[in-house]
There are 2 protein chains.
Amino acid sequence: MAARGAVQAHTHNHKACIDDALKTARELCAARGVQLTPLREKVLQIVWKSHKPVGAYDVLDELSRSHKSARPPTVYRALDFLMGEGLIHKIESLNAYLGCVEAGAPHAGHFLICRKCGATEEIVDPKLEAALDQAAKRARFRAERQVVEISGLCAHCTG
Amino acid sequence: MAARGAVQAHTHNHKACIDDALKTARELCAARGVQLTPLREKVLQIVWKSHKPVGAYDVLDELSRSHKSARPPTVYRALDFLMGEGLIHKIESLNAYLGCVEAGAPHAGHFLICRKCGATEEIVDPKLEAALDQAAKRARFRAERQVVEISGLCAHCTG
DNA sequence: GGCGTGATGATACAACATAACAAACGCCGC
DNA sequence: GCGGCGTTTGTTATGTTGTATCATCACGCC
Ligand SMILES: [Zn+2]
Ligand SMILES: [Zn+2]
Ligand SMILES: [Zn+2]
Ligand SMILES: [Zn+2]
């Protein structure tokens, strides 16, 4: 699964993204001996509906169509599971969730969030990772989690 | 006003931090022709009570002691004002607010958040800023806001 | 069958944030 | 003085996001 830039997010065939993500998720969970239940897979599919972060209550609305008993804990438990397995990320500045494009490869999520179209790209940038590690090291800080969310205008929305 | 590392946050004389922050805030607001009213100054003082991010409702509890009519909008309006003037930052991953150690100098806030003691250090690191700018540029993304929050253990809590 | 474990159902509540309108205040021109 | 205007604060209500807690269910195991 390759990262898709915001421009591509406007034009590509997104069904392939969803199919890839679900396939990868099934394989990873099987390999790890954890259960990607129908409920969890459905939530993953909803999160992957687009390249825009989706709120937990939006997931709930969508999930409710097929799953009448769904309630907030239903959704949050599924989201927690998916985050624990590295299949989705939380976008802290939006209180929303986004499918991970590098599931299986341990990494911190770094994001470019377009404030106009909402498309959010997960970037993998070794130089940025190194700069973050260095910054922490300089302060003798043991980093465990990185939240990096850059907001602005994507290439498509700039011009 | 210099940044203080997490180690210093455990030992320094913090009254000087508060006094500096309030003095700087008064000067900046006067120079800009905006009103640092008693209410807003009190909220700023509460946020500066420590080097740990403080939640809006914690601010409200504290503010209520001196200001009985305080309600959520009271606090959020003051926090919005202070953020607008660059006197405080919001820590997105904690839904909490922290006094800015570089008020007056335009900058994105980058933070090291200790998950054990809560002490949060604002770091100013040109290399990190450059790496972030480069990462955005590479994706032809026009960055407007950066959220960088590194969680882990501070030097004091590590050893 | 009885038991342990993981997953889901169900109710209630906590924590965070904003909408909308009213009242008070200072300022300025007249 | 006073009426208009912009800013700040008061007030009530509501919206949004996230958890705690306990009950129930499904499955594998002995
Ligand atoms: Zn796609
Ligand atoms: Zn990822
Ligand atoms: Zn201090
Ligand atoms: Zn700052």
Side-chain angles (χ1 to χ4, degrees), chain A residues 25-26 28-30 32-47 52-85 87-98 118 147 149, chain B residues 25-26 29-30 32-47 52-85 87-98 113 118 147 149:
Chain A
R26 283 185 211 108
L28 278 175
C29 290
R32 292 171 182 167
V34 297
Q35 305 177 47
L36 185 64
T37 62
L39 177 65
R40 289 165 172 172
E41 185 169 327
K42 179 68 184 173
V43 168
L44 180 59
Q45 189 182 17
I46 291 169
V47 170
K52 304 179 187 184
V54 56
Y57 280 74
D58 292 334
V59 172
L60 178 55
D61 285 347
E62 180 69 17
L63 181 62
S64 294
R65 302 175 196 274
S66 61
H67 205 98
K68 276 193 52 176
S69 71
R71 296 285 182 278
T74 317
V75 170
Y76 281 101
R77 285 193 287 229
L79 292 172
D80 285 346
F81 170 84
L82 295 170
M83 281 193 289
E85 297 302 323
L87 301 172
I88 64 174
H89 294 284
K90 179 173 186 184
I91 307 298
E92 295 287 352
S93 58
L94 298 176
N95 293 321
Y97 304 82
L98 184 69
V147 173
E149 300 171 8
Chain B
R26 283 186 211 108
C29 289
R32 292 170 181 168
V34 296
Q35 305 177 50
L36 185 64
T37 61
L39 177 64
R40 290 166 173 173
E41 185 169 327
K42 180 68 183 174
V43 169
L44 180 59
Q45 189 182 17
I46 291 168
V47 170
K52 304 177 186 181
V54 56
Y57 279 70
D58 291 336
V59 172
L60 178 55
D61 284 347
E62 180 69 18
L63 182 63
S64 295
R65 300 175 197 275
S66 61
H67 205 99
K68 277 193 52 178
S69 69
R71 296 285 181 280
T74 316
V75 169
Y76 281 102
R77 285 193 287 229
L79 292 172
D80 286 346
F81 171 84
L82 295 169
M83 281 193 288
E85 298 302 323
L87 301 172
I88 64 174
H89 294 284
K90 180 174 187 182
I91 306 299
E92 295 288 351
S93 57
L94 298 176
N95 293 320
Y97 303 83
L98 185 69
I113 307 167
V147 172
E149 299 170 10

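Labels below follow one simple rule: chain letters A, B, ... track the order of the sequence lines, proteins then strands, and each chain is numbered from 1.
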message = If you compare all heavy atoms of Lys52(B) against all heavy atoms of Leu98(B), which two are closest, and at what distance to 0.1 Å?
response = C-CD1, 3.8 Å

key: Straight-line distance of Asn95(A) CG to Glu92(B) CD, nearest 0.5 Å   = 7.5 Å

ask   = Is any side-chain heavy atom of Ile88(B) less than 4.5 Å from a side-chain heavy atom of Leu44(B)?
value = yes

request  = Report the distance from atom CG of Leu94(A) to atom P of dT17(D), rounded to the nearest whole Å.
outcome  = 10 Å

ask   = So, do Val147(A) and Lys90(A) sit near enough that their side-chain heavy atoms are less than 4.5 Å apart?
value = no

query = In whole Å, what is the span from the CG atom of Leu60(B) to the P atom of dG10(D)?
reply = 12 Å

key: Side chain proximity check, Cys29(A) to Gln35(A), heavy atoms < 4.5 angstrom   = no

Side-chain heavy atoms of Pro72(A) within contact of Tyr57(A), under 4.5 Å = yes

request  = With rounding to the nearest 0.5 Å, note down the distance linking CG in Leu39(A) to CZ in Phe81(A).
outcome  = 10.5 Å

remark   = Residue set satisfying side-chain hydrogen bond (donor to acceptor under 3.5 Å, both in side chains) with Thr74(B), at least two apart, ordered chain then number -> none

note = Footprint ends on DNA chain C, 5' to 3', for atoms under 4.0 angstrom from a heavy atom of chain A, come out as dG6(C) to dT11(C)

query = Do the side-chain N and O atoms of Ser93(A) and Glu149(A) include a donor-acceptor pair separated by under 3.5 angstrom?
reply = yes

For Leu82(B) against Arg40(B), the heavy-atom pair lying closest together = CD1-O, 3.9 Å

query = Is there any salt bridge (Lys or Arg N to Asp or Glu O under 4.0 Å) pair reaching into residues 55-64 of chain A, and which pairs are they, with sequence neighbours excluded?
reply = Lys49(A)-Glu62(A), Glu62(A)-Arg65(A)

remark   = To the nearest 10 degrees, the angle between the two end axes of the helix from dG1(C)-dC30(D) to dC30(C)-dG1(D) (five pairs per end) comes to 10°

note = Rounded to whole Å, the NE2-P distance (His67(B) to dT8(D)) equals 14 Å

message = Need one value for Lys90(A): base, sugar-phosphate or nothing, where a base atom within 4.0 Å counts as base even if backbone is also close, heavy atoms only.
response = sugar-phosphate

inquiry  = I need the minimum non-hydrogen distance between Ala96(B) and Gly55(B), along with the two atoms involved.
reply    = CB-N, 4.0 Å

ask   = Side chains of Leu79(B) and Val47(B): closer than 4.5 Å at any heavy-atom pair?
value = yes

note = With sugar-phosphate taken as primed atoms, P, OP1 and OP2 and all else as base, the protein-contact string of nucleotides 19-30 of chain D at under 4.0 Å (heavy atoms; B, S, -) is BB----------

remark   = Per the under-4.0 Å heavy-atom filter, residues of residues 33-45 of chain A near DNA chain C come out as Gln35(A), Thr37(A), Leu39(A), Arg40(A)

key: 5' priority, DNA chain D, between Asn95(B) and Phe81(B) [closest heavy atom]   = Phe81(B)

